[in-house]
Number of protein chains: 2
Amino acid sequence: MLSQSIEDYLKAIYEIESSEGKVSTSALSEKLGVSPASVTSMVKKLSERKLITHKRYQGVKLTPAGRKIALEIIRHHRLVELYLKEALGVPWDQVHQEAEKWEHVLSEDLEDRIDKFLGYPVTDPHGSPIPRRDGTMIVRQCNALVDVEPDTLVKVVEVSDHDPELLRYLGGIGLYPETEMTVVSKQPFKGPIIVELTGKEHPIGRNAAKYIMVEKARN
Amino acid sequence: MLSQSIEDYLKAIYEIESSEGKVSTSALSEKLGVSPASVTSMVKKLSERKLITHKRYQGVKLTPAGRKIALEIIRHHRLVELYLKEALGVPWDQVHQEAEKWEHVLSEDLEDRIDKFLGYPVTDPHGSPIPRRDGTMIVRQCNALVDVEPDTLVKVVEVSDHDPELLRYLGGIGLYPETEMTVVSKQPFKGPIIVELTGKEHPIGRNAAKYIMVEKARN
DNA sequence: AAAGAAATTTAGACAAGGCTAAAATAATTT
DNA sequence: AAATTATTTTAGCCTTGTCTAAATTTCTTT
């Protein structure tokens with residue numbers, strides 16, 4: 001059995017690997033909210049256990065074994081997020097923090113029951129793909145909203161779950177995964193991006209728009 | 001926030017207090033599966049935090065604050081047990097071990113949602129009363145099956161959840177809380193107790209019968 | 001290319017929560 | 001009542017996962 005700490009590190013490494021490519025000590029330190037020195041010592045332990053590889057002063061990489069575990073945890077996390085929303089009506093801006101705790105205590109049996117209850121879902125409430133039991137995961141091709149040209153019809157693919165505040169705002173304007181909307185304009189001087197959905201226009205800050213992934217709608 | 005360990009100790013103390021009256025170091029050691037020395041040191045910590053009182057070489061007692069916490073954990077445990085059975089179809093002999101983990105990660109918000117989903121239930125799948133949020137709990141008056149005279153019609157009130165094996169057997173013969181049955185006979189030489197339910201007779205060992213609580217059925 | 005800045009690692013400490021072995025106290029037997 | 005046995009506590013150690021401060025190494029700037 002792996003400690004919760006180890007699971008958290010592996011998950012964080014996976015996530016940074018996906019978004020940044022390189023996984024540095026400081027990035028991990030930042031993400032996990034622990035000191036760089038603590039990261040170094042845990043990295044040493046994870047290397048010894050062959051869950052990651054590590055070259056001093058250069059980053060860290062998951063081994064296949066480590067990646068498998070990371071994906072199991074992420075699977076737990078995302079299944080639980082969706083379950084809490086569907087079965088218990090937990091609002092989408094709260095499911096993440098609950099799932100952070102639940103992901104570590106979910107038995108295989110319960111994982112299967114939840115998966116079945118939900119009808120073997122493919123994405124969580126934020127549009128993130130749910131890894132399969134075998135450790136594979138379908139990644140959808142998409143762009144950050146901030147990079148889309150004005151006058152484009154797009155479909156929301158995925159929204160980052162890291163900021164509840166943002167999720168509440170987006171929920172308020174009806175912006176969810178699978179929603180279609182038009183990028184109306186990008187205001188100059190790093191101003192907001194204006195999108196139109198359900199007939200209304202809404203401003204979305206550039207920073208927030210980095211965390212909203214979309215694809216061109218076929219039209 | 002309290003550590004999982006502290007929560008486990010408080011719950012164990014509550015349970016031993018209920019069933020044995022006196023809570024000794026060795027009883028705790030046994031129940032929690034840790035050495036007596038470990039219990040002593042944790043007891044010291046819990047005393048300092050005013051969650052229990054302790055006189056050297058005599059037992060331990062919960063303070064009102066400690067009891068409140070113990071009951072909160074037990075409330076979590078029992079709500080989760082029932083929830084897993086009702087919402088996800090987990091068999092009653094498995095809900096206990098799942099709940100042992102979940103009881104520590106349940107937020108107040110989720111507790112309320114589960115409580116509501118279940119229609120504010122009063123007992124868990126084993127018939128144990130679910131403490132209310134305010135820290136009160138209704139205790140039903142009952143006797144161990146082993147102490148009942150033959151030829152009595154009884155109603156099952158509660159079955160201990162500590163042994164999955166026993167629960168599977170009882171489930172197999174249809175013996176659940178609220179079930180009515182007749183105590184047919186007590187075989188001599190510490191032999192089994194014979195009960196009749198749904199027209200069939202079934203033997204129940206004396207030891208098992210200590211863990212089945214019943215009340216006289218009104219008839 | 002050297003200096004300064006930033007990132008990483010090492011060294012050493014600490015808190016939690018466990019353990020074993022030995023000492024102290026209480027309970028039981030003779 | 002003394003001796004033996006059982007229970008509880010103390011003393012000291014270990015592991016996990018964290019921290020700070022100091023030493024390295026790498027990167028950036030001049």
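Order of the sequence lines sets the chain letters (A, B, ...), proteins ahead of strands, with each chain counted from 1.
Environment of CD in Glu108(B): crowded, with over 12 heavy atoms of neighbouring residues, nucleotides or ligands closer than 6.0 Å.
What separates OH of Tyr57(B) from C1' of dT28(C) is a distance of 17 Å, to the nearest Å. Atom CD of Gln58(A) is separated from atom P of dT8(C) by 11 Å (rounded to the nearest Å). Atom-to-atom, CE of Met1(B) to P of dA16(C) comes out at 15 Å; the value is rounded to the nearest Å. Per the geometry, CG belonging to Leu46(A) stands 13 Å off P belonging to dT9(C), to the nearest Å.
Side-chain contact between His104(B) and Lys101(B) is absent, with no heavy atoms from C-beta onward closer than 4.5 Å.
For His54(A), a side-chain nitrogen or oxygen approaches OP1 or OP2 of dT9(C) to under 4.0 Å. Side-chain nitrogen and oxygen atoms of Ser5(B) include none within less than 4.0 Å of the OP1 or OP2 phosphate oxygen of dA16(C). The phosphate of dA7(C) has neither OP1 nor OP2 within less than 4.0 Å of any side-chain N or O from Ser24(A).
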Report, one line per pair, each donor and acceptor closer than 3.5 Å where one atom sits in a side chain of residues 30-46 of chain B; sequence neighbours left out.
{"from": "Lys31(B)", "atom 1": "NZ", "to": "Glu15(B)", "atom 2": "OE1", "distance (Å)": "3.1"}
{"from": "Ser35(B)", "atom 1": "OG", "to": "Ser38(B)", "atom 2": "N", "distance (Å)": "3.2"}
{"from": "Ser35(B)", "atom 1": "OG", "to": "Ser38(B)", "atom 2": "OG", "distance (Å)": "2.9"}
{"from": "Thr40(B)", "atom 1": "OG1", "to": "Pro36(B)", "atom 2": "O", "distance (Å)": "3.3"}
{"from": "Ser41(B)", "atom 1": "OG", "to": "Ser38(B)", "atom 2": "O", "distance (Å)": "3.2"}

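A side-chain hydrogen bond (donor to acceptor under 3.5 Å, both in side chains) with His126(A) holds for exactly one of Glu81(A), His96(A), Arg78(A), Lys85(A); it is Glu81(A).
The line from CG of Leu51(A) to CG of Leu10(A) is 5.5 Å long, rounded to the nearest 0.5 Å. Expressed to the nearest 0.5 Å, how far CZ of Arg206(B) lies from CZ of Phe189(B) amounts to 11.0 Å. Taking CG of Leu110(B) as the reference point, atom CG of Asp115(B) lies at 11.5 Å (rounded to 0.5 Å). Here the straight-line distance linking atom CG of Asp161(A) with atom CG of Asp93(A) works out to 11.0 Å at 0.5 Å rounding. Put simply, CD1 on Ile6(B) and CD1 on Ile52(B) are 10.0 Å apart, with the number rounded to the nearest 0.5 Å. Here the straight-line distance linking atom CD1 of Ile212(B) with atom SG of Cys142(B) works out to 12.0 Å at 0.5 Å rounding.
Interface limits on DNA chain D: the 5'-most and 3'-most nucleotides within less than 4.0 Å of chain B heavy atoms are dT8(D) to dT10(D).
Not one N or O on the side chain of Thr152(B) forms a donor-acceptor pair closer than 3.5 Å with the backbone of Val154(B).
Comparing dT10(C), dA24(C), dC19(C) against the side chain of Arg56(A) picks out dT10(C) as the nearest. With dC19(C), dT25(C), dT9(C) as the candidates, the nucleotide lying closest to the side chain of Pro36(A) is dT9(C). The Ser35(B) side chain lies nearest to dC19(C) when the options are dT8(C), dC19(C), dA26(C).
Sorted by first and then second residue, the side chain to side chain donor-acceptor pair (under 3.5 Å) pairs with a member in residues 46-73 of chain A read Glu17(A)-Arg67(A); sequence neighbours excluded.
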What does the list of N/O pairs under 3.5 Å between the protein and nucleotides 1-5 of chain C look like, with a distance for each?
none

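At a threshold of 4.0 Å, the pair Arg140(B)-Glu158(B) does not count as salt-bridged, since none of the basic side-chain nitrogens sits closer than that to a carboxylate oxygen. Between Asp109(A) and Arg113(A) there is a salt bridge, since a side-chain N of the basic residue sits under 4.0 Å from a carboxylate O of the acidic one.
Each of Ala27(A) and Gln4(B) was assigned the nucleotide of DNA chain C with the nearest heavy atom; the assignment lying further toward the 5' end belongs to Ala27(A).
For the segment residues 6-23 of chain A, residues with any heavy atom less than 4.0 angstrom from an atom of DNA chain D are, sorted by number, Tyr9(A). Contacts with DNA chain D (heavy atom under 4.0 Å) in residues 37-44 of chain B: Ala37(B), Thr40(B), listed by number.
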